[in-house]
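Input: a single structure, listed below in structure tokens.
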Protein chains: 2
Amino acid sequence: MTIEREYTTKLAVDGVTIDRRDVEMLDAIDRHGSMHKAAEALGRSYARLQNRVVEIEDAVGPITERQRGGSGGGGTELTETARELRRQFDRHDAALGGVAGITESVFPGTVRDRTGELATVETEIGSILALVPDDATEVQISVRSDAVVLTDPEETPRADGTSLRNQFTGTVEGIESGDAITRVTIRFAPEGMIQALVTNASVDRLALESGQSITASFKATAARGVRLEPSADE
Amino acid sequence: MTIEREYTTKLAVDGVTIDRRDVEMLDAIDRHGSMHKAAEALGRSYARLQNRVVEIEDAVGPITERQRGGSGGGGTELTETARELRRQFDRHDAALGGVAGITESVFPGTVRDRTGELATVETEIGSILALVPDDATEVQISVRSDAVVLTDPEETPRADGTSLRNQFTGTVEGIESGDAITRVTIRFAPEGMIQALVTNASVDRLALESGQSITASFKATAARGVRLEPSADE
DNA sequence: GTTCGTAGTATCTATGTCGATACAACGCCG
DNA sequence: CGGCGTTGTATCGACATAGATACTACGAAC
């Protein structure tokens with residue numbers, strides 16, 4: 001059973017929800033200069049596409065300047081609003097894509113102390129400071145590998161000079177290098193492991209190799225807890 | 001125009017795509033012990049719900065043990081597979097929720113050097129090492145505030161002792177404290193700004209206050225570029 | 001004033017999803 | 001042996017979405 005994490009990106013603006021299809025529509029209008037050509041290029045019906053443009057404009061204001069008649073019969077141009085929507089969508093989509101594509105390290109544990117949404121969670125690798133949902137006590141802490149910072153244990157700054165609240169020292173167990181990015185697997189004392197994504201250059205500078213001692217740090221705000229034992233009976 | 005970033009969470013397992021509705025269905029079955037009661041509790045029709053269970057099982061194997069007849073008429077229990085699906089979904093959902101809810105700092109810039117997906121991007125605050133799409137040259141770099149590490153400039157480790165490839169020193173401009181988390185805004189020389197999410201405890205330990213000099217660092221793998229000038233004409 | 005390619009609008013139809021309904025099959029229990 | 005509350009299955013209709021089609025309106029260029 002192979003599980004792939006997926007998602008769909010949306011923007012809720014005023015009254016409407018803009019999805020990928022809408023953004024592709026705006027893109028096509030921008031490229032072709034008319035809604036008719038955009039519809040044809042996308043394989044959509046002109047009528048629906050035009051309706052959708054009006055629907056969005058009713059909610060968020062003008063996203064197009066549409067002209068009928070005139071040289072060439074008229075045409076449609078995007079407004080700056082439309083371009084801003086597209087940029088926002090692309091950024092959000094990239095952020096979500098980052099989450100879906102990146103490995104995470106998972107540590108089951110139990111919540112000890114709590115201050116608001118922040119809590120100390122007891123796990124197999126030690127205490128982790130993380131964001132956890134309000135009512136949870138048994139949780140899984142998950143840490144995105146692109147949030148894990150590696151440092152030489154010798155030079156790791158004193159804990160009070162940084163906002164990296166979680167620091168664990170272990171040994172390098174695996175190194176998988178790509179074109180520019182390397183995935184480093186670090187093993188802690190009993191059986192915990194964490195993965196870190198770092199640039200190849202960082203691998204060189206830290207002179208990482210298997211068996212070496214290394215410190216992995218991550219921020220409390222980058223560690224998220226998910227309630228393990230589910231939903232209370234209602 | 002207020003824009004809210006939204007998303008829908010999905011898991012693609014073998015042949016099917018499992019969404020929030022499916023997970024809520026599994027949850028209800030688990031709580032009530034039967035598909036009939038689950039359907040009633042969810043306000044769904046039993047027929048559709050049962051069809052969906054079979055549909056999922058055809059793709060991923062048994063997610064329930066269903067018994068008809070017997071004491072109480074029978075009932076339905078979840079398998080461990082179903083529980084694992086639910087945990088995966090919750091983790092993924094939490095990760096996506098983190099992205100959607102967190103502020104990002106955005107820096108427009110132009111790509112200089114590139115090695116695979118990693119590139120040096122020239123921005124208003126200086127050179128940023130970031131992940132950028134293959135064909136882009138004009139990009140927006142966006143940095144999640146929960147990935148920004150704050151350090152005392154005096155104690156900031158030498159750049160070659162860490163995998164934090166991007167370091168910028170500026171002055172604290174704003175501090176907004178919540179129950180447990182504080183959002184710190186840092187201003188760089190000309191006009192660039194970045195936001196960092198840190199624990200309140202970190203604010204204390206770094207003795208953060210407005211006007212103070214501070215170093216903000218983030219990993220190259222946590223900085224993502226989005227193509228600004230869109231899609232090539234086709 | 002005719003032409004042309006566009007915008008704008010209304011209506012019909014196909015499609016897919018889901019609830020509603022009805023009924024058979026099952027097996028323990030009294 | 002009948003009752004009961006399940007699972008299992010088939011069919012119908014409601015609803016929303018979108019394509020297909022047809023027609024009007026527009027305005028510069030020729």
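Predicted model, so just to flag it, every value in this text is computed and none were measured. Letters A, B, ... mirror the listed sequences (proteins, then strands); counts begin at 1.
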Does OP1 or OP2 of [N] have a side-chain N or O of [X] closer than 4.0 Å?
| X | N | value |
| --- | --- | --- |
| B:Lys37 | D:dG5 | no |
| A:Arg66 | C:dT6 | no |
| B:Thr76 | D:dT6 | no |

Return the value, rounded to whole Å, for the distance between atom [atom1] of [X] and atom [atom2] of [N].
| X | N | atom1 | atom2 | answer |
| --- | --- | --- | --- | --- |
| A:Leu42 | D:dA20 | CG | C1' | 17 Å |
| B:Glu65 | D:dG8 | CD | C1' | 18 Å |
| A:His36 | C:dC4 | NE2 | C1' | 13 Å |

Mind checking side-chain contact (heavy atoms from CB on, under 4.5 Å) for [X] and listing every partner two or more places apart, or none if nothing turns up?
| X | value |
| --- | --- |
| A:Arg20 | A:Thr9, A:Glu24, A:Phe89, A:Asp93 |
| A:Glu55 | A:Arg52 |
| B:Thr137 | none |
| B:Ala82 | B:Leu26, B:Ile63, B:Leu78, B:Thr79 |

Open item on the list: Using a 4.0 Å cut-off on heavy atoms, which residues in residues 48-63 of chain B reach DNA chain C? List them by number, or say none.
Closed with: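 Heavy-atom contacts with DNA chain C come from B:Arg48.
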
Task: Between OG on residue B:Ser105 and CD on residue B:Gln140, distance to nearest 0.5 Å - done: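 These two atoms lie 12.0 Å from each other.
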
Open item on the list: Test: ring-ring contact (aromatic ring centres under 6.0 Å, His included). Region: residues 45-84 of chain B. Which pairs qualify, not counting sequence neighbours?
Closed with: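 Pairs touching residues 45-84 of chain B that pass the test: B:His36-B:Tyr46.
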
Contacts table for residues 110-119 of chain A: side-chain donor-acceptor under 3.5 angstrom, sequence neighbours left out:
{"residue": "A:Arg114", "atom": "NH1", "partner": "A:Asp134", "partner atom": "O", "Å": "3.0"}
{"residue": "A:Arg114", "atom": "NH2", "partner": "A:Pro133", "partner atom": "O", "Å": "2.8"}
{"residue": "A:Arg114", "atom": "NH2", "partner": "A:Asp134", "partner atom": "O", "Å": "3.3"}

Open item on the list: Test of understanding: with salt bridge (charged side-chain N to carboxylate O under 4.0 Å, His left out), list the residues that count as partners of A:Glu84, not counting sequence neighbours.
Closed with: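 Residues passing salt bridge (charged side-chain N to carboxylate O under 4.0 Å, His left out) with A:Glu84: A:Arg87.
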
Between N or O atoms, less than 3.5 Å apart, protein on one side and nucleotides 22-26 of chain D on the other: list the pairs.
{"residue": "D:dC26", "atom": "O2", "partner": "A:Gly69", "partner atom": "N", "Å": "2.9"}

- [ ] Answer with base, sugar-phosphate or nothing: what part of the nucleic acid does A:Ser71 contact at a heavy-atom distance below 4.0 Å?
- [x]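 Sugar-phosphate: the residue A:Ser71, judged by heavy atoms under 4.0 Å, touches backbone atoms but no base.
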
